[in-house]
Amino acid sequence: MPRRDCVAVTEGSAHKAAPALELRALRKAYGRNVVLDGVDLVVPRGGIAAVLGPSGGGKTTLLRIVAGFEHPDAGEVLLNGRVVAGPEVNVPAEQRRVGVVPQEGALFPHLDVAGNVGFGLPRGHASRERIAEVLELVGLPGSLRARPNQLSGGQQHRVALARALAPRPQIVVLDEPFSSLDAGLRAEVREEVMLALQAAATTAIVVTHDQQEALSVADQVAVLLDGRVAQSADPETLYNLPASLAVATFVGEAVVLAGEVDSDGRIVCALGSLIIRGGTRSAGTVDVVVRPEQIDVLAPGFARALSGAGEGIAGTVVSRSFFGHDGVVRVLVGNSTVVTARLHVAHLPTPGSAVVLRVNSPVSVFSRTASLDSA
């Protein structure tokens, strides 16, 4: 995403053009452990962005710097065009108007829902109206007097969000907000929370290590690897057009194969001669990334009937895994290459079956030099 120069902004119309959040060359280290190493990121107003990275990769540190709980060693943080952290600036957390939803919700057990949501708001009729308004927004209009221990895990998360929204923040940051919920509840609460954020028209940043979560909730996903933003894009672009092999293998499942670019500009690898996504590349040995759902697995006779020429790569099913909504099979191609294909459960062949593999769409290709440099 292109960066916008927000150095000289003032109150009024200039602020309307500024992004909700901008991080410039952000750096943070604890002793010799460099956690953030030149992070650049722009988040536009009104959207939901996800910061996706491995556990221990600096995501929470980044969140704490944005909120004002930590100060960067170098770089700048801008909120709506205003520098709030930098070499000579450190606006206190309470003056940044950043709402924080911690990982566990962190509700006060001795306060009822109204007390939790209104914590920090001035007393008075306007605050009571605001509490009622945000509880309506998160779908808990009748829970004012309930105690946290009377609420389900999902309801507690929504109360924590209501508390973050109550002071009308410029931005809301959520730190691994759904990680403590079981799988069945997680999707439901995630959808409810995201709908509430969209209804509030509040810019939100979700910090997560869950790739599926990031891709499903965010308008923009920033992948944080080795202390830097390796790529920031909309979910479809990130998944289908990864900027590097590291991003490709971190965001979703990937089959990585060695390949050679031929004279026709196609890639030749263990799965045949494939079309390269985005056009031709220079000749040489490359890494080919194929998503499991890009691989069709056909019975040999069916494959010949479709093509009339027996096209495809022969293989033998080694194993299969059933997941209910879909399944995967692992297929031996040649003497030593095993690839994974994702299929509808009605079409899962049994181990030992002879099959024909075809790649159904263009693939991503990365030069071996770039892959080694990023390793």
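Because the structure is a prediction, the values reported are computed rather than measured. All values below were derived from every heavy atom in this structure, side-chain atoms included, with hydrogens, water molecules and symmetry-related copies excluded.
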How long is the gap from [atom1] on [X] to [atom2] on [Y], to the nearest 0.5 Å?
| X | Y | atom1 | atom2 | answer |
| --- | --- | --- | --- | --- |
| Leu215 | Tyr239 | CG | OH | 8.5 Å |
| Leu21 | Leu79 | CG | CG | 6.0 Å |
| Leu197 | Glu192 | CG | CD | 12.0 Å |
| Leu174 | Leu161 | CG | CG | 6.5 Å |
| Arg320 | Leu343 | CZ | CG | 10.5 Å |
| Glu22 | Arg82 | CD | CZ | 15.5 Å |

Testing the basics here: between [X] and [Y], what is the closest heavy-atom pair and its distance to 0.1 Å?
| X | Y | result |
| --- | --- | --- |
| Ile65 | Arg96 | O-NH1, 2.8 Å |
| Ser152 | Gln155 | N-OE1, 2.9 Å |
| Arg45 | Ala18 | NE-O, 3.0 Å |
| Pro362 | Gln294 | O-NE2, 2.8 Å |
| Val317 | Val355 | CG2-CG1, 3.8 Å |
| Glu136 | Pro141 | OE1-CB, 3.3 Å |

Discussion item. If you apply the rule side-chain hydrogen bond (donor to acceptor under 3.5 Å, both in side chains), what do you find for Arg330 with Ser321, and how did you get there?
Written reply: CA-CA 9 Å; Arg330 282 160 288 278; Ser321 299; 2.7 Å; yes
Item to complete: Carefully, step by step, assess Glu176 and Thr208 under the rule side-chain contact (heavy atoms from CB on, under 4.5 Å).
Response: CA-CA 5 Å; Glu176 301 276 6; Thr208 181; 3.8 Å; yes
Under a 3.5 Å distance rule, please check whether [X] uses its side chain to pair with a backbone N or O of [Y] as donor and acceptor.
| X | Y | result |
| --- | --- | --- |
| Asp175 | Thr60 | no |
| His325 | His344 | no |
| Gln198 | Ile48 | no |
| Arg266 | Ser273 | yes |
| Asp40 | Ala25 | yes |
| Arg27 | Gly75 | no |
| Gln220 | Ser232 | no |
| Lys59 | Val207 | no |

For the residue pair [X] and [Y], establish whether any side-chain heavy-atom pair is separated by less than 4.5 Å.
| X | Y | result |
| --- | --- | --- |
| Pro87 | Glu76 | yes |
| Leu52 | Val206 | no |
| Leu140 | Leu151 | no |
| Ile205 | Val172 | no |
| Val221 | Gln211 | no |
| Leu36 | Leu224 | yes |
| Val290 | Val339 | no |
| Asp37 | Asp226 | no |

Fill in: Heavy-atom neighbours of Phe119 CZ exceed 12 at 6.0 Å
no
Worksheet item: Is atom CD of Gln150 surrounded by more than 12 heavy atoms (other residues, nucleotides or ligands) closer than 6.0 Å?
Response: yes
Worksheet item: Between the side chains of Asn240 and Arg291, does any donor sit under 3.5 Å from an acceptor?
Response: no
Worksheet item: Side chains of Gln170 and Thr203: do they bring a donor and an acceptor to under 3.5 Å?
Response: no
Discussion item. Salt bridge check, Asp112 against Arg147: does any charged N sit closer than 4.0 Å to a carboxylate O?
Written reply: no
Practice prompt. Report the C-alpha distance between Val159 and Val117 in whole Å, list the side-chain angles of each, state the deciding distance to 0.1 Å, and finish with yes or no for side-chain contact (heavy atoms from CB on, under 4.5 Å).
Written response: CA-CA 7 Å; Val159 172; Val117 174; 4.0 Å; yes
If Ile, Leu, Val, Met, Phe, Trp and Tyr residues are connected whenever their side-chain heavy atoms lie under 4.5 Å apart, and connections chain through other members, are [X] and [Y] in the same group?
| X | Y | result |
| --- | --- | --- |
| Leu332 | Ile295 | no |
| Val338 | Val288 | no |
| Leu78 | Phe69 | yes |

Worksheet entry | Residue pair Val77, Leu26: steps toward the side-chain contact (heavy atoms from CB on, under 4.5 Å) verdict | CA-CA 8 Å; Val77 177; Leu26 211 62; 3.8 Å; yes
Practice prompt. Check the angle between the aromatic planes of Phe178 and His157 and answer parallel, tilted or perpendicular using the 30° and 60° thresholds.
Written response: parallel
